[in-house]
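If you're wondering where the values come from, they're calculated on a predicted model, not measured in any experiment.
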Amino acid sequence: MFESQYEAMPRAEIAQLQLERLQATLQRVYRNVKFYRQKFDRLGFLPEDLLSLDDLAKLPFTTKEDLSNSYPYGMFAVPLREVVRIHSSSGSAGNPMVVGYTSRDLRTWARLAARLMTAAGITKDDVVQITFHYGLMTGGFGVHYGAETLGASVIPTGTGNTFRQVQIMRDYRTTVLVATPSYALVIADKLAEIGVDPKELHLRIGLMGGEPWDDKRRQEIEGKLLCQTFDLYGLSEAMGPGVAGECVQRRGMHLNEDHFLPEIIDPDTGQPLPPGEIGELVITTLAKEAVPLIRFRTGDRCSLHYEPCPCGRTLARISRILGRTDEVVIVKGVNIFPQRVGQILAAIQGEIPIYQLVVSREGHQDILEIRVEVRESIFFDRMVAQRQLVNQLSHKLAQGIGVTPRVKLVEPNSISREEETSPLVVDRRSA
Ligand code: DLL
């Protein structure tokens, strides 16, 4: 274990530490974040009223919309001068969500990521190739500093240029591939395409996260890349990767409970559910300085388990993420709110047209098609005009959602609402 004093802490001590940290967090947000102060005042709740962990359930939830509404810095509990890093994520249908880190937050992040990498069996002898995006999203940097903290040799390739990824993997003798499950399969396809035998590689571990996957994909990745894979969970609002991850037992993901207090709620009623039941994961951060969160609704469906793990860690485990409670679709690891697409189209066209997102796979690549109903007359226009419109829409949408879609103009009343996964989305990937 990387930090056995926390990872194998007796349960009673974990609860005591959580309570102390929670009280301190409530004090901090009450003093420094108007959003929370107003919420607590409305309830007549003072931070010192929290006497046990159960009292947390008296407080209201924080949602993605709340974070978007406080764009950009409304949720920050420290002055900007103390913030040393800023990341951002899609947030909600409205503004993006901005998250900041103090230098202590960054050190914590690196340690928590290092814990989960150690749990997956990664050591300082490993050569770790990180294909997560390095940039505004949290994936790349989070794992990067975790791996460096471990003392592993890090290759920060970032996403894309799959041919080069394969060359590097073979020539630099990569032992750990860090990727979204779908990108791991894209890499596997590339191996086959250019005739590299996976036996030529030195890969032993695949650390996979950032998007939903299942055991079938796990077997496919392991069979094609000849490595053992481990699930890694996180979300930008809480930190990024580093929230939870599988140990070598691979029976759920250990959640770094000394930093994140989990609850599972019924997404419809908001009522807490007992351990083992599937519901929405709600997280309260316990030591974050820059952007603490109280009862944040992640939108992720899973269950929570407190049984001891044969690995010796006492930290609770969450199941695989089984889906979402909202309409977010994750395409190539990027979270997309379908309504955001409508807003972008409205900004170009003056009103929200009828539209639909169709997500599918070609080989192992996620493909996002956005169908937009347009006036019939458009189809009588010159091809050039049509193509210009498609290019314009696809460019603006790519800017707005972070994934380049294929835009398809369709005639009025042609979008079928029958096979939808949600009101605006058809997701054919699991078919
Ligand atoms: O995806 C952070 C991350 C990157 C975690 C890489 C792990 C690895 P966001 O872009 O804010 O942050 O997206 C967070 O992605 O609420 C889940 O819906 C989904 N997600 C992340 N990890 C997993 C996973 C990063 N292992 C959202 N399994 C989360 C299923 C996952 N879904």
Side-chain angles (χ1 to χ4, degrees), residues 25-26 28-42 59-102 105-106 109 133-142 210 234-241 243 260 280-285 288-300 324-331 333-348 352 357 395-403 424:
T25 300
L26 292 184
R28 194 155 355 108
V29 296
Y30 188 71
R31 240 181 291 127
N32 302 323
V33 187
K34 195 164 130 213
F35 169 83
Y36 286 114
R37 192 165 49 250
Q38 286 178 342
K39 277 199 160 184
F40 293 6
D41 282 348
R42 233 172 280 142
L59 292 175
F61 297 113
T62 305
T63 62
K64 283 180 187 284
E65 285 66 38
D66 293 330
L67 301 192
S68 288
N69 292 341
S70 61
Y71 178 85
Y73 298 136
M75 286 291 192
F76 282 34
V78 296
L80 261 191
R81 104 180 75 85
E82 286 177 36
V83 170
V84 297
R85 176 95 66 77
I86 292 171
H87 283 286
S88 114
S89 168
S90 43
S92 74
N95 285 319
M97 187 279 308
V98 182
V99 60
Y101 302 77
T102 63
D105 287 336
L106 284 189
W109 191 9
H133 174 76
Y134 279 79
L136 270 183
M137 294 200 303
T138 52
F141 286 104
L235 61 160
S236 325
E237 293 90 341
M239 165 175 277
V243 176
F260 306 102
E280 180 176 348
L281 176 66
V282 170
I283 281 180
T284 298
T285 64
K288 266 183 77 185
E289 293 183 329
V291 191
L293 290 177
I294 309 299
R295 304 196 86 201
F296 177 69
R297 290 187 66 153
T298 63
D300 290 319
R324 298 221 23 119
T325 57
D326 55 19
E327 292 192 330
V328 167
V329 268
I330 304 186
V331 179
V334 179
N335 306 356
I336 299 172
F337 284 81
Q339 291 83 354
R340 177 98 187 99
V341 169
Q343 290 172 354
I344 297 166
L345 293 172
I348 306 168
I352 302 184
L357 285 71
H395 179 69
K396 290 275 183 210
L397 285 164
Q399 273 183 341
I401 58 177
V403 171
L424 296 169

Asker: Taking the side chain as every heavy atom from C-beta outward, state whether Ile344 and Gln399 have any pair of such atoms under 4.5 Å apart.
Answerer: no
Asker: Please name all residues satisfying side chain to side chain donor-acceptor pair (under 3.5 Å) with Thr102, sequence neighbours left out, ordered by chain then number.
Answerer: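 Applying side chain to side chain donor-acceptor pair (under 3.5 Å) to Thr102 gives Asp105, Glu289.
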Asker: Can you find a pair of side-chain heavy atoms, one from Val78 and one from Asn32, that are under 4.5 Å apart?
Answerer: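 No; the side chains remain at least 4.5 Å from each other.
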Asker: Quick one: salt bridge (charged side-chain N to carboxylate O under 4.0 Å, His left out) pairs with a partner in residues 93-102, sequence neighbours left out?
Answerer: none
Asker: Who are the side chain to side chain donor-acceptor pair (under 3.5 Å) partners of Asp300, not counting sequence neighbours?
Answerer: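 Here the qualifying residues are Tyr233, Arg324.
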Asker: List for me each residue that meets side chain to side chain contact (heavy atoms under 4.5 Å, CB included) alongside Pro60, sequence neighbours excluded, and say none if there are none.
Answerer: Lys39, Leu43
Asker: Report the residues that fulfil ring-ring contact (aromatic ring centres under 6.0 Å, His included) with Phe35, sequence neighbours left out, ordered by chain and then residue number.
Answerer: none
Asker: Applying side chain to side chain contact (heavy atoms under 4.5 Å, CB included), can you list everything that pairs with Ile352, at least two apart in sequence or on another chain?
Answerer: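 For Ile352, the residues satisfying side chain to side chain contact (heavy atoms under 4.5 Å, CB included) (neighbours in sequence not counted) are Ala346, Tyr355.
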Asker: Got a sec, which residues hit ring-ring contact (aromatic ring centres under 6.0 Å, His included) with Phe141, two or more places apart in sequence or on another chain?
Answerer: His87, Tyr134
Asker: Phe76: which residues meet the ring-ring contact (aromatic ring centres under 6.0 Å, His included) condition with it, sequence neighbours left out?
Answerer: Tyr73
Asker: Please name all residues satisfying side chain to side chain donor-acceptor pair (under 3.5 Å) with Arg295, sequence neighbours left out, ordered by chain then number.
Answerer: Glu263
Asker: Counting distance only, does the side-chain N/O of Thr285 pair as donor-acceptor with the main-chain N or O of Pro292 below 3.5 Å?
Answerer: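 The answer is no, because no donor-acceptor pair under 3.5 Å joins these two groups.
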Asker: How would you list, by chain and number, every residue that makes a side chain to side chain donor-acceptor pair (under 3.5 Å) with Glu327, sequence neighbours excluded?
Answerer: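 For Glu327, the residues satisfying side chain to side chain donor-acceptor pair (under 3.5 Å) (neighbours in sequence not counted) are Gln339.
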